[in-house]
Amino acid sequence: MADAKTLAALAKYDTPTMCNALEVIDPRWRTRYFTTAPLVCQYPNAKPIVGYARTVKIRAREKSSLTGEAARKHRLDYYSYIESGGPRPSIVVLQDLDEPKGFGAFWGEVQSNIHKGLGALGLVTDGSIRDTHVWAKGFQALAGSVGPSHAWVHAVSFGEPVTVHGMEVVPGDIVHADRHGAVIVPEAALGEIHKTVKLLVAREKVIIAAAKRKGVTVAKLTKAFADADEIH
């Protein structure tokens, strides 16, 4: 299990760079494990967040079957899961079961502050968010949409696998997210990411430099690509 320092070191890379590195380390990451639809970002200029997934599924079109004391217990059990259901720092990954998604917002001023207080860095959801003007300061959000109402929103289940905009997430997965989207980072790849990013940056630097030079031609780009391939 990676410690908080190891995860924080990954936050210096944007999420596309993480995807680039993971594609080299494991080609399966070219077609899986990342979000594949546009998301609304609450803090587009913030640095990436990296944390362990806490998962939840919600509905908003219909009432919960739980009422009274049972409903309160379910809510508190969910908050206990967010607080202590795995290592920290955490990122909440929420799947909206409604179709179309985003009918009612689980997230707003109250929930963003509660989850921030319970140790979460932010969230990734295919559902909606609201209260963006009074959102918990610094609590990042990538959401499918922004809407005005919470409708009948309630947590259906938590601590189970979810799928958000094509990204399949198991509780405890490491999630890397910024304004571009999110990707799962396998623990097995942690030891290779930094050197892989360094290699890719060095190769790209040669190509970008050639492209920016006055009088660039395809012939010169061809040489730059060949030179980049020689960097190991």
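What you are looking at is a predicted structure, and each value in this text was computed from that prediction instead of being measured. Any value given below was found using the heavy atoms of this structure, including those in side chains, with hydrogens, waters and symmetry copies removed.
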* To do: Mind checking side-chain hydrogen bond (donor to acceptor under 3.5 Å, both in side chains) for Asp26 and listing every partner two or more places apart, or none if nothing turns up?
  => Arg28
* May I ask you to test the Val156-Ser64 pair for a side-chain heavy-atom distance under 4.5 Å? => no
* To do: Could you list the residues that satisfy side-chain contact (heavy atoms from CB on, under 4.5 Å) with Arg30, not counting sequence neighbours?
  => Glu23
* Is a donor on one side and an acceptor on the other found under 3.5 Å between the side chain of Asp96 and the backbone of Gly127? -> no
* Heavy-atom closest pair, residues Ser149 and Arg130 -> CA-NH1, 3.8 Å
* To do: State the NZ-CG distance between Lys205 and Asp227, to the nearest 0.5 angstrom.
  => 14.0 Å
* **Geometric class of the His115/Phe139 ring pair [parallel <30°, tilted 30-60°, perpendicular >60°]** => tilted
* Asked: Considering only heavy atoms from C-beta outward, does the side chain of Val185 approach that of Val175 to under 4.5 Å?
  -> no
* Asked: Does any non-hydrogen side-chain atom of Thr17 lie less than 4.5 Å from one of Val201?
  -> no
* Structure fact -> Here the gap from Ile184 atom CD1 to Trp29 atom CH2, rounded to the nearest 0.5 Å, amounts to 8.5 Å
* **Thr196 side-chain N/O to Ala21 backbone N/O, donor-acceptor pair under 3.5 Å** => no
* Asked: Just by modelled atom types, is the Gly215 backbone N or O under 3.5 Å from a matching donor or acceptor in the Lys220 side chain?
  -> yes
* **Side-chain (His176) to main-chain (Leu10) donor-acceptor, under 3.5 angstrom** => yes
* Asked: Can you tell me how far the CD1 atom of Ile25 sits from the CD atom of Glu192, to the nearest 0.5 Å?
  -> 5.0 Å
* Asked: Charged N to carboxylate O under 4.0 angstrom, Asp98 versus Arg61?
  -> no
* Asked: After noting the C-alpha distance and the side-chain angles of Val124 and Val92, does the key distance pass the side chain to side chain contact (heavy atoms under 4.5 Å, CB included) rule?
  -> CA-CA 6 Å; Val124 181; Val92 182; over 6 Å; no
* Structure fact -> Here the pair of heavy atoms bringing Gly51 nearest to Ile91 is N-CD1, 3.4 Å
* Can you get from Ile82 to Ile49 by hopping between Ile, Leu, Val, Met, Phe, Trp and Tyr side chains that sit under 4.5 Å apart? -> no
* Measure the shortest side-chain to side-chain distance between Leu66 and Arg75 over non-hydrogen atoms and say whether it is less than 4.5 angstrom. => no
* Tell me, do Lys137 and Lys116 make a side-chain contact under 4.5 Å, heavy atoms counted? -> yes
* Hey, what do you get for CG (Leu118) to CG (Asn113), rounding to the nearest 0.5 Å? -> 11.0 Å
* To do: Could you tell me whether a side-chain N or O of Tyr81 sits under 3.5 Å from a main-chain N or O of Thr55, the two making a donor and an acceptor?
  => yes
* Asked: Looking at NE2 of His180 and CE of Met18, how far apart are the two atoms once the value is rounded to the nearest 0.5 Å?
  -> 14.0 Å
* Asked: Can you check whether Tyr43's main-chain N or O pairs, donor with acceptor, with Arg179's side chain at less than 3.5 Å?
  -> no
* To do: Verify the cluster assignment for Leu76 and Tyr78: are they in a single hydrophobic cluster under the rule of side-chain heavy atoms below 4.5 Å apart?
  => yes
* To do: Check the pair Met1, Tyr52 against side chain to side chain contact (heavy atoms under 4.5 Å, CB included), reporting the backbone distance first and the verdict last.
  => CA-CA 10 Å; Met1 184 178 298; Tyr52 291 96; 3.3 Å; yes
* **Exam field: side chain Asp178 to backbone Asp14, donor-acceptor pair closer than 3.5 Å** => no
* Asked: Are Val153 and Tyr79 co-members of a hydrophobic cluster defined by side-chain heavy atoms under 4.5 Å apart?
  -> yes
* **Same cluster (ILVMFWY, side-chain, under 4.5 Å), Met167 and Ile58** => no
* Parallel, tilted or perpendicular: ring planes of His194 versus Tyr13, cut at 30 and 60 degrees -> tilted
* Closest non-hydrogen atom pair between Gly181 and Leu39, with its separation -> CA-CD1, 4.3 Å
* **Close side-chain approach of Pro161 to Val169, heavy-atom, < 4.5 Å** => no
* Structure fact -> Between Thr125 and Val164, the two heavy atoms sitting closest are C-CG1, 3.7 Å
* Asked: If Ile, Leu, Val, Met, Phe, Trp and Tyr residues are connected whenever their side-chain heavy atoms lie under 4.5 Å apart, and connections chain through other members, are Leu123 and Val110 in the same group?
  -> yes
* Backbone N or O of Ala2 within a donor-acceptor pair of the Thr6 side chain at under 3.5 Å? -> no
* Going by atom types alone, do Ser80 and Glu83 pair a side-chain donor with an acceptor below 3.5 Å? -> no
* For the side chain of Gln140 and the backbone of Leu121, is there at least one donor-acceptor N/O pair under 3.5 Å apart? -> no
* Does the side chain of Ile174 come within less than 4.5 Å of Val50's, by heavy atoms? -> yes
* Evaluate ring-ring contact (aromatic ring centres under 6.0 Å, His included) for His150 paired with Trp107, printing each intermediate quantity in order. => CA-CA 8 Å; His150 54 49; Trp107 297 96; over 10 Å; no
* To do: Determine, using ring centers only, whether His74 and Phe158 are less than 6.0 Å apart.
  => yes
* Please report the closest heavy-atom contact between Leu142 and Ala177, naming both atoms and the distance. => CD1-CB, 3.8 Å
* Side-chain donor or acceptor of Arg59 paired with backbone N/O of Trp152 under 3.5 Å -> no
* Asked: Do Val56 and Gln95 come close enough that some side-chain heavy atom pair is under 4.5 Å?
  -> no
* Atom pair CD1 (Ile208) and CZ (Arg203), whose distance is rounded to the nearest 0.5 Å -> 14.0 Å
* Nearest heavy-atom neighbours spanning Trp135 and Ser112 -> CE2-CB, 3.6 Å
